[in-house]
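Reading through the structure tokens given below for one structure.
Quick note on labels: first sequence line is chain A, next is B, and so on, each numbered from 1. Given the structure is predicted, the values throughout are model-derived calculations rather than measurements.
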There are 2 protein chains.
Amino acid sequence: MNDYSNKHLISINSHPLGRPYVDLIRNHPPRFAVSTRIKCVQCAVRRTGPCSALTTETANELSRIVHRRRIPAGQVLYGGADHQKTFSIIVDGVVKLVNMQPDGGNQIVGLQFPSDFVGRPFADDTGLIAEAATNLDVCAFSGSAFETLMQTHPDLERTIFKRTLDDLDAARRWMFMIARKTAEERVASLLVLIAGKLNGDTADDAASVSDLEFALPLSRTEIAECLGLRLETVSRQFAALKAEGVIATGRRRGIRVCDLTSLAARAQGHAQLMA
Amino acid sequence: MNDYSNKHLISINSHPLGRPYVDLIRNHPPRFAVSTRIKCVQCAVRRTGPCSALTTETANELSRIVHRRRIPAGQVLYGGADHQKTFSIIVDGVVKLVNMQPDGGNQIVGLQFPSDFVGRPFADDTGLIAEAATNLDVCAFSGSAFETLMQTHPDLERTIFKRTLDDLDAARRWMFMIARKTAEERVASLLVLIAGKLNGDTADDAASVSDLEFALPLSRTEIAECLGLRLETVSRQFAALKAEGVIATGRRRGIRVCDLTSLAARAQGHAQLMA
DNA sequence: CGATGACTTGACTGAGTTCAAAAGCTGTGG
DNA sequence: CCACAGCTTTTGAACTCAGTCAAGTCATCG
């Protein structure tokens, strides 16, 4: 047993994801985006990303216009003041889609994880911005080059189309969650979602119960903005889950899911059915 | 002044939309869907529907596989038990997209109006169903024929792609509304949305203030399911808006927006700023 | 007419918000 | 190393908006 406890702590370095989340969490001095050409063969998301669905010919065309970039947390990928149109495929890190309101209250309307596509073809401003929630590794494409490529390669367009349809389904499921669930159910749902995404949705539930720990990519405020709650409410729900041994929290947004089954049950509103 | 009052009534027949909503509201004995071939030139949505964006060649191909149908309120267009895959373009009426939950509480996650495209390419079950909220006139396409046509006609696929992106934006805006607004703001927002859609979003706000009346395509229960509220709450908000002279209600879901400016202000949460 | 279903109204309750204060974490500079 | 500032997060207590339960009204149709 390691030093994770209900009271504190953990060495995040040892979390099972094997991804440099420690790196992502610390507020590095925002360095300039590093742009390099990389080989897709080495890519962490080459099996699950949009590029995996393309013909080799299209994939080659894509790789010709791509730049691998590191993007610091907080940077805007699209939308907002500067409408520099770029498209990205997330290799590592999390992006939040935010509906910014002049009068303060922001609403996070979507999260994008590694292998997700980020961008809005065919429109410049939809009132949304995409912002790096953590430091990011992305494959970035200039807007014009990418849209041109979409025109000439129907398989690319169809791939993005399918992802858009999936995003739409996800948005509607999310909407249900916000509209109908209690605070506990919402928090549990988000934790299940994030835990699943950060594990690549690979682990079957039973097997991964033992040591599902990771660093939350979002602050309490951001979680609240996701769920349509106040940050105090989110904090209280975390405290409740912790008190019941369902989760444990560590330093610096470290979190361990101690009982995924129970957490998933709570996400569905069956807290009382548990032991 | 007609017989619309704060207490009651109106002749819905005379509403300014010029559409057969009276017909839609009465519960006709559900007749079998009438299937006919029609000429697109006569189509009420030929300027705004997806078909308007196609090359004449593609439009001709489309018109070859289309059937105009009347669909009674309550019928499911896709999803649910029978996954008969069809795609439709709404000519008249309103479709609701419902997230059905086994434990009762449904959530309406989207509304589709005349000229909107209804269907889910590339997937059979997404947990959603599309149901006619009113009687419907639609252009219906068999799933296989339509998807084949999409494969061979990129302009068709792109048109649907663009609509999907718009739907996604709309879904996310809606999400914001549900997550952050008060009951009054939600009800006002929905009324503004519906009023706009039923007028084809043509009238500029100021001009149409005088006589914006129409028949609500949704019951109180459905409105509540849209907004993440209970029907009692919706009813109370209607009562409040009526008491303040912002709207007037008529028989059989008839409604008149007496003060669109005030209604829009309330939708934004500025009720107190009004006179 | 009386039955059925949609809508309204009332009284009470409670989950989540709001306001306020304290505690924890992280980085800085002496 | 400690003290401090600027954060985020936690905790507490009072309040409020919308939910819940329960009648009651209205509309439509057989």
Side-chain angles (χ1 to χ4, degrees), chain A residues 5-10 12 22 25-30 73-74 104-105 133 178-188 215-225 227-243 247-255 266 269 271-272, chain B residues 5-10 12 22 25-29 73-74 104-105 133 178-187 215-225 227-243 247-255 266 269 271-272:
Chain A
S5 80
N6 260 6
K7 209 55 195 152
H8 276 157
L9 275 277
I10 183 192
I12 290 183
V22 179
I25 291 160
R26 289 215 181 111
N27 266 338
H28 284 287
I178 291 174
R180 291 282 173 227
K181 293 196 178 184
T182 66
E184 179 184 50
E185 288 161 10
R186 293 185 211 190
V187 170
L216 276 177
L218 304 173
S219 69
R220 293 285 182 274
T221 302
E222 289 170 324
I223 293 173
E225 286 173 351
L227 299 173
L229 299 168
R230 297 284 128 172
L231 64 105
E232 295 96 326
T233 306
V234 172
S235 184
R236 277 184 245 272
Q237 294 304 327
F238 268 82
L241 289 172
K242 210 157 62 168
I247 62 170
T249 56
R251 266 193 201 162
R252 241 199 213 112
R253 299 189 188 169
I255 196 164
R266 282 160 207 274
Q272 72 291 355
Chain B
S5 81
N6 260 7
K7 208 54 191 154
H8 277 156
L9 268 303
I10 184 197
I12 290 184
V22 179
I25 290 159
R26 288 214 183 114
N27 266 339
H28 284 287
I178 291 175
R180 291 282 173 229
K181 294 196 175 183
T182 65
E184 179 184 51
E185 288 161 12
R186 294 185 210 190
V187 170
L216 277 176
L218 304 174
S219 70
R220 291 287 182 274
T221 302
E222 288 171 324
I223 293 173
E225 286 173 350
L227 299 173
L229 298 169
R230 297 285 131 171
L231 65 107
E232 295 96 326
T233 304
V234 172
S235 185
R236 277 184 246 273
Q237 294 305 328
F238 269 83
L241 288 173
K242 210 157 63 169
I247 62 170
T249 56
R251 261 191 204 167
R252 243 200 213 114
R253 298 188 188 169
I255 196 164
R266 283 159 205 273
Q272 71 290 355

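When side chains are defined from C-beta on, B/L227 does not count as touching B/T233, because their heavy atoms never get closer than 4.5 Å. Side-chain contact between A/R180 and B/E225 is present, with heavy atoms from C-beta onward closer than 4.5 Å.
Considering OG1 of A/T182 and CD of A/Q237, their distance stands at 7.0 Å, rounded to 0.5 Å. Atom CD of B/E232 is separated from atom OG1 of B/T221 by 9.0 Å, given to the nearest 0.5 angstrom. In this structure, CZ in B/R252 is found 14.0 Å from CG in B/L216, a value given to the nearest 0.5 Å. If you take CD1 on A/I255 and NZ on A/K242, they are separated by 9.0 Å, rounding to the nearest 0.5 Å.
Minimum interatomic distance between B/L229 and B/R186 (heavy atoms only, all atoms of both residues): CD2-NH1, 3.9 Å. Looking at every heavy atom in both residues, B/E222 comes nearest to B/L218 through OE1-CA, 3.2 Å. B/A133 and B/A73 make their closest contact through O-CB, 3.9 Å (heavy atoms, listed as atom of the first residue, atom of the second, distance).
Side chain of B/R253 to backbone of B/A215: no donor-acceptor contact under 3.5 angstrom is found.
Taking atom CG on B/L241 and atom P on C/dC7, their separation rounds to 16 Å, with Å as the unit. Rounded to an integer number of Å, the gap from B/K242 NZ to C/dT9 C1' is 12 Å. Going from atom CD1 of B/I178 over to atom P of C/dG16 covers 17 Å, rounded to whole Å. Taking atom CZ on B/R251 and atom P on C/dC7, their separation rounds to 15 Å, with Å as the unit.
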Between the protein and nucleotides 3-6 of chain C, which nitrogen or oxygen pairs come in under 3.5 angstrom?
none

**Study point:** B/S/- contact track for nucleotides 15-24 of chain D, protein heavy atom under 4.0 Å
**Key:** ---SSBB---
Point to revise | Derivation of the side chain to side chain contact (heavy atoms under 4.5 Å, CB included) call for A/R266 and A/L241 | key: CA-CA 10 Å; A/R266 282 160 207 274; A/L241 289 172; 3.6 Å; yes
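Helical stems in DNA chain D, defined as runs of 3 or more consecutive Watson-Crick or G-U wobble pairs with both donor-acceptor distances under 3.5 Å, are listed by first residue as C:1-30 with D:1-30.
Remark: A/R252 is in phosphate contact with C/dT26, judged by side-chain N or O atoms under 4.0 Å from OP1 or OP2.
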